[in-house]
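Worksheet: one structure, shown below.
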Amino acid sequence: EKGTYPHYMLKEIDEQPLVLRKITQRYQNEANELHIDDHILAAMNEADRIYIVACGTSYHAGLVGKQFIEKWAKIPVEVHVASEFSYNMPILSEKPLFIFISQSGETADSRAVLVQVKELGYKALTITNVPGSTLSREADYTLLLHAGPEIAVASTKAYTAQLAVLSILAAVTATSKGINLEFDLVQELAIVANAMEVLCDDKETMEDIAREYLATTRNCFFIGRSVDFYVGLEGALKLKEISYIQAEGFAGGELKHGTIALIENNTPVIALATQEHVNLSIRGNVKEVAARGANPCIISMKGLETEEDRYVLPEVNEALAPLVAVIPLQLISYYAALHRDCDVDKPRNLAKSVTVE
Ligand code: M6R
């Protein structure tokens, strides 16, 4: 099934442009407009607050999804790690809507919250890759990712599919409220798919970066501000789960509050710079770590680049940059794991779907 690919993970990374195009098609109506089931739209419009609940990579997708929904549809959103939700249950709003994000639709931690929420009589929407999965069956509504089976334990195409579906949900909700987004999401997603293709065709550079920065290191930091911070969290999770390099993602501004103490000579720091409003500040953080000996690897977006950058991503709509910025991080993790002879598709101690709490 993996054809000529040495690993499912690499195949699934490469599938991302295609999956994105498929999602865009699946969520278009006959008039080629983006479209979401009326019941789901009604639930979005009735909600005074949305609670996103998820684990791992799906939680990271939720953090980015919050930005789409708040900025475009103007509905307040909270994002929660499922395993913490029941004991740290927030004071709920009057009309909450719960969104569960789960590639497998079988994650026990998320299901426990869904059961609790249904007992309280609230509505729930599941965003999943698996039709008929437990979380899909037990929620009121489902949105499918249409990413095709994801076999590698490390989630890649499901993450970008989750972001795409969340962006569509946010944009369609905004339009239904009469909010003018000033861009055409179908067109913007098409640009993203092309950018993804460019990145997937540039594997040699990603392999070089992995060799340059990660060949012998014990640890690695990812920094970013705004949504780049969330993509950094995902990059760190990817790297640690398959290469066993200790990796952490930080908000650029938080570094000086403690983490900078860990920077030593040659510590790799992967910095993301895709957001114009924080471009100068993240570059300030890069200078701080470089002054302490770190080996910074700046990944920026076209239009924001400077000469010191190691890699420049093709330009896409800034809000959608996470869909593009994550791809080099996935590929760098893949090659770092490969160089270390790790079992890329089946990392130690992990299962594809975590069905115990
Ligand atoms: O199937 P789910 O999306 O609910 O799974 C959640 C996490 O277990 C999952 O994303 C995990 O973090 C991945 N192995 C990350 O690559």
Side-chain angles (χ1 to χ4, degrees), residues 7-13 15-16 19 51-65 79-85 98-115 117 124-139 142-166 222 230-245 247-249 322-323 326-327 329-334 336-337 342-357:
H7 297 100
Y8 281 107
M9 183 181 177
L10 196 62
K11 172 173 179 266
E12 289 161 5
I13 290 174
E15 282 170 359
Q16 291 177 105
V19 168
Y51 296 82
I52 293 181
V53 179
C55 310
T57 289
S58 298
Y59 169 73
H60 296 155
L63 294 172
V64 179
V79 192
H80 292 270
V81 165
S83 60
E84 285 291 310
F85 189 84
F98 285 81
I99 299 183
F100 291 85
I101 308 177
S102 174
Q103 187 284 130
S104 62
E106 301 298 340
T107 300
D109 288 324
S110 300
R111 178 168 186 246
V113 181
L114 175 56
V115 168
V117 160
L125 157 67
T126 291
I127 300 181
T128 182
N129 201 24
V130 184
S133 56
T134 308
L135 275 122
S136 166
R137 279 186 280 110
E138 295 181 356
T142 298
L143 288 175
L144 290 175
L145 297 178
H146 300 296
E150 193 182 62
I151 311 289
V153 165
S155 185
T156 55
K157 62 176 177 173
Y159 173 79
T160 45
Q162 286 161 347
L163 296 190
V165 170
L166 285 161
F222 291 78
Y230 306 141
V231 180
L233 291 177
E234 174 57 9
L237 176 59
K238 221 81 305 171
L239 186 64
K240 59 188 149 190
E241 113 181 281
I242 60 167
S243 77
Y244 316 142
I245 296 171
E248 298 298 332
L323 286 120
V326 76
I327 292 184
L329 306 189
Q330 296 169 345
L331 283 166
I332 292 167
S333 299
Y334 173 78
C342 298
D343 189 346
V344 171
D345 282 340
K346 285 203 175 83
R348 69 186 181 206
N349 308 341
L350 290 170
K352 181 62 185 165
S353 55
V354 184
T355 50
V356 288
E357 274 180 61

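Order of listing sets the numbers, starting from 1, for every ligand and every atom in it. Just so you know, these numbers use all the heavy atoms, side chains as well, and skip hydrogens, waters and symmetry mates.
Protein heavy atom in closest approach to atom 15 (C) of ligand 1: Thr57 OG1, 3.0 Å. The protein atom (non-hydrogen) at minimum distance from atom 6 (C) of ligand 1 is Cys55 O, 3.4 Å. Scanning all protein heavy atoms for the shortest distance to atom 5 (O) of ligand 1 gives Thr107 OG1, 3.5 Å.
Residues Leu329 and Phe222 meet the side-chain proximity criterion, which asks for heavy atoms closer than 4.5 Å.
At least one donor-acceptor pair under 3.5 Å links the side chain of Ser104 to the backbone N or O of Glu106.
Checked options Val53, Ile101, Val64, Ile52; the residue passing with Val79 is Ile52 (criterion: side chain to side chain contact (heavy atoms under 4.5 Å, CB included)).
With ligand atoms numbered from 1 in the order given, ligand 1 contributes 13 (C), 14 (N), 15 (C), 16 (O) to contacts under 4.0 Å with heavy atoms of Glu241. Of all atoms in ligand 1, listed by their number and element, those nearer than 4.0 Å to a heavy atom of Ala154 are 16 (O). Shown in contact with Ser58 at under 4.0 Å from a heavy atom are these atoms of ligand 1, numbered in order with element: 2 (P), 3 (O), 10 (O).
Counted within 6.0 Å of NZ on Lys346, heavy atoms from surrounding residues, nucleotides or ligands total 12 or fewer; the atom is thus considered open.
Among pairs with a residue in residues 152-166, those fulfilling side-chain hydrogen bond (donor to acceptor under 3.5 Å, both in side chains) read Glu15-Lys157, Gln16-Thr160, Ser58-Gln162, Glu150-Ser155, at least two apart in sequence or across chains.
Closest of all the heavy-atom pairs between Leu239 and Ala247 is CD2-CB, 4.0 Å.
Contact annotation for Lys238 and ligand 1: only side-chain heavy atoms (C-beta onward) come within less than 4.0 Å of the ligand.
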